[in-house]
Amino acid sequence: MDATVAPAPPSPARLSPINQRRLENFKANRRGFWSFWIFGIIFFLSMFAELIANDKPYFVWYDGDAHFPAFVAYAETEFGGEFATEADYRDEFVIELIEEKGWMLWPMIRFSYNTVNFDLPTPAPSPPTSENWLGTDDQGRDVLARTIYGFRISVLFGFTLTVLSSIIGIAAGAVQGYFGGWVDLIFQRFIEIWSGLPVLYMLIILASVVVPSFWWLLGLMLLFSWMGLVGLVRAEFLRARNFTFVQAARALGVSDTTIMFRHILPNAMVATITFLPFILSGSVVILTSLDFLGFGLPAGSASVGELLNQGKNNLHAPWLGFTGFFSIAIMLTLLVFIGEAVRDAFDPRKTFR
């Protein structure tokens, strides 16, 4: 009886040699590599801001029942109170009611971004204490909690704006560079006119008509931010559209869309990816600048720019200015270092040695 040989298990997916080389180049830039990990950890933690800084406890054990106030709203009557409205877990009366028949598990910071501390030792803005580690702003809100929430919304705004503007910019540059001629000429004249519009004045005018919000600001900034990558992608497509493999694909009857996004775009993406970390840092600066000028997110929203504005208006409270400055400085420094590492990773002089 002949012995049959069992088929070998499929080998796990591995990076191509060129991508392995790029990864090694990225790791070789120690400053950018560690900045990537530091930024990733900080951003990951900020995504769970409600579990780090909240004015509601994680867990309440009361009279033999489990409650989760951080995720579910409970009326005060659930804990033996008098009002049918949501319980204020920082109220001494509610705390006494719960501790009579149970206990509470609080987050590390017992303040949310909009929680006002009415028991300050000094008038607001109050300096750092054991309760408010970075002090409070001029409305009595915890600075550390607002910094955590503000970091998250700034990075999410930057990520979203970078992704959407890159998609539009790459598509526009690809169409310009591939077809050329009148298509390229008309697009270039349109971009020259569109880029000359005063963005800040339009924001001021529209802010007086509608209430700004996250998505409103994102849509408005997207109208102008997509032009950052058009020139680069256009140049790459102008250079590659006459290559031999592109002409061969045309001769074989391959559609223009397939040639653009399957054959030419991967070559153009090498130079495009190196710009993305810098575009991300620019997007974060845009939101911070608008919040600082008062044309950004709605009043009361957690924002690094609003914290910088409070530091400017309250020079007698230096902890506000220092916190806002170091928050935006550390964030942008990490992004720039990551961008330098990505640039080294895709540098052909270091990849093809």
Side-chain angles (χ1 to χ4, degrees), residues 41-157 211 213-214 291 297-307 310 314 317 319-320 323-324 327:
I41 292 173
I42 295 175
F43 177 63
F44 177 79
L45 294 177
S46 68
M47 293 300 295
F48 301 94
E50 288 80 6
L51 301 179
I52 299 174
N54 205 329
D55 56 359
K56 301 174 183 177
Y58 298 136
F59 180 80
V60 173
W61 183 261
Y62 179 80
D63 197 17
D65 293 328
H67 301 78
F68 303 93
F71 311 99
V72 181
Y74 296 101
E76 187 178 310
T77 53
E78 292 277 344
F79 308 105
E82 301 176 356
F83 300 101
T85 56
E86 185 176 0
D88 181 7
Y89 300 94
R90 295 181 54 83
D91 189 358
E92 293 293 337
F93 176 71
V94 176
I95 294 175
E96 292 177 359
L97 288 176
I98 295 176
E99 290 182 347
E100 285 180 1
K101 298 182 179 180
W103 49 275
M104 294 183 291
L105 180 61
W106 282 90
M108 181 174 59
I109 302 172
R110 298 189 179 189
F111 300 93
S112 186
Y113 70 93
N114 57 355
T115 305
V116 178
N117 188 359
F118 295 100
D119 300 325
L120 295 175
T122 59
S126 177
T129 61
S130 58
E131 187 177 20
N132 303 107
W133 297 350
L134 294 180
T136 63
D137 60 6
D138 55 6
Q139 299 184 33
R141 298 170 300 190
D142 187 74
V143 173
L144 180 56
R146 292 185 64 79
T147 303
I148 296 173
Y149 282 86
F151 178 89
R152 180 177 67 176
I153 196 171
S154 298
V155 176
L156 288 177
F157 182 89
V211 179
S213 63
F214 180 91
D291 289 333
L297 297 173
S301 301
S303 170
V304 179
E306 191 264 347
L307 188 59
Q310 288 211 20
N314 299 277
W319 56 89
L320 296 175
T323 303
S327 298

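Hydrogens, waters and symmetry mates are skipped; everything else that's a heavy atom, side chains included, is used.
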Give the C-alpha distance, both sets of side-chain angles, the deciding distance and a yes or no for side chain to side chain contact (heavy atoms under 4.5 Å, CB included) between Val60 and Phe79. CA-CA 10 Å; Val60 173; Phe79 308 105; 3.8 Å; yes

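- Counting only distance, with no hydrogens or angles, the side chain of Arg141 and the backbone of Ala302 share no donor-acceptor pair below 3.5 Å.
- Between the side chain of Arg146 and the main chain of Tyr113, a donor-acceptor pair closer than 3.5 Å is present.
- Pairing each heavy atom of Val304 with each of Ser327, the nearest pair is CG1-CB, 4.3 Å.
- A distance of 11.0 Å separates CD1 in Ile98 from OH in Tyr74, rounded to the nearest 0.5 Å.
- No side-chain donor-acceptor contact under 3.5 Å links Ser112 to the backbone of Asp55.
- Between the Thr129 side chain and the Asn132 main chain, a donor and an acceptor come within less than 3.5 Å of each other.
- For the pair Pro57/Trp106, a side-chain contact is recorded, criterion being any heavy-atom separation below 4.5 Å from C-beta on.
- When each of Thr115, Asn54, Ile148, Leu134 is paired with Ile109, the side chain to side chain contact (heavy atoms under 4.5 Å, CB included) condition holds for Ile148 and for no other.
- Checking side-chain atoms of Tyr149 against main-chain N and O of Ala53 turns up a donor-acceptor pair under 3.5 Å.
- The shortest heavy-atom contact between Gly140 and Leu120 is CA-CD1, 4.0 Å.
- Residues Phe111 and Trp133 have side chains not in contact (no heavy-atom distance under 4.5 Å, counting atoms from C-beta outward).
- Across all their heavy atoms, Pro69 and Lys56 have their closest contact at O-CD, 3.5 Å.
- When all heavy atoms of Glu76 and Glu82 are compared, the closest pair comes out as OE2-N, 3.4 Å.
- Side-chain atoms of Asp142 come within 3.5 Å of backbone atoms of Ala145 as a donor-acceptor pair (strictly under, hydrogens ignored).
- Crowding of Phe93 atom CZ: a count of heavy atoms from other residues, nucleotides or ligands under 6.0 Å exceeding 12.
- Exactly one residue among Asn117, Ile95, Asp119 makes a side chain to side chain contact (heavy atoms under 4.5 Å, CB included) with Arg90. That residue is Asn117.
- Leu156 is listed as a side-chain neighbour of Met47, based on a closest heavy-atom distance under 4.5 Å.
- Contact detail for Val143 and Thr323: the closest heavy-atom pair is CG1-CG2, 3.7 Å.
- At a threshold of 4.5 Å between non-hydrogen side-chain atoms, the residues Ile153 and Ser301 do not count as touching.
- Judged purely by atom type and a 3.5 angstrom limit, Gln310 uses its side chain to pair as donor or acceptor with the backbone of Asp138.
- In this structure, Ser154 and Gly150 approach most closely via the heavy-atom pair OG-O, 2.8 Å.
- With hydrogens and angles ignored, the 3.5 Å screen pairs a side-chain donor or acceptor of Asp291 with a backbone N or O of Leu297.
- In this pair, Phe59 and Trp61 present their aromatic rings parallel. The plane angle is below 30°, not in the 30 to 60° band.
- The closest donor-acceptor contact from the side chain of Tyr62 to the backbone of Met104 lies at 3.5 Å or more, if one exists at all.
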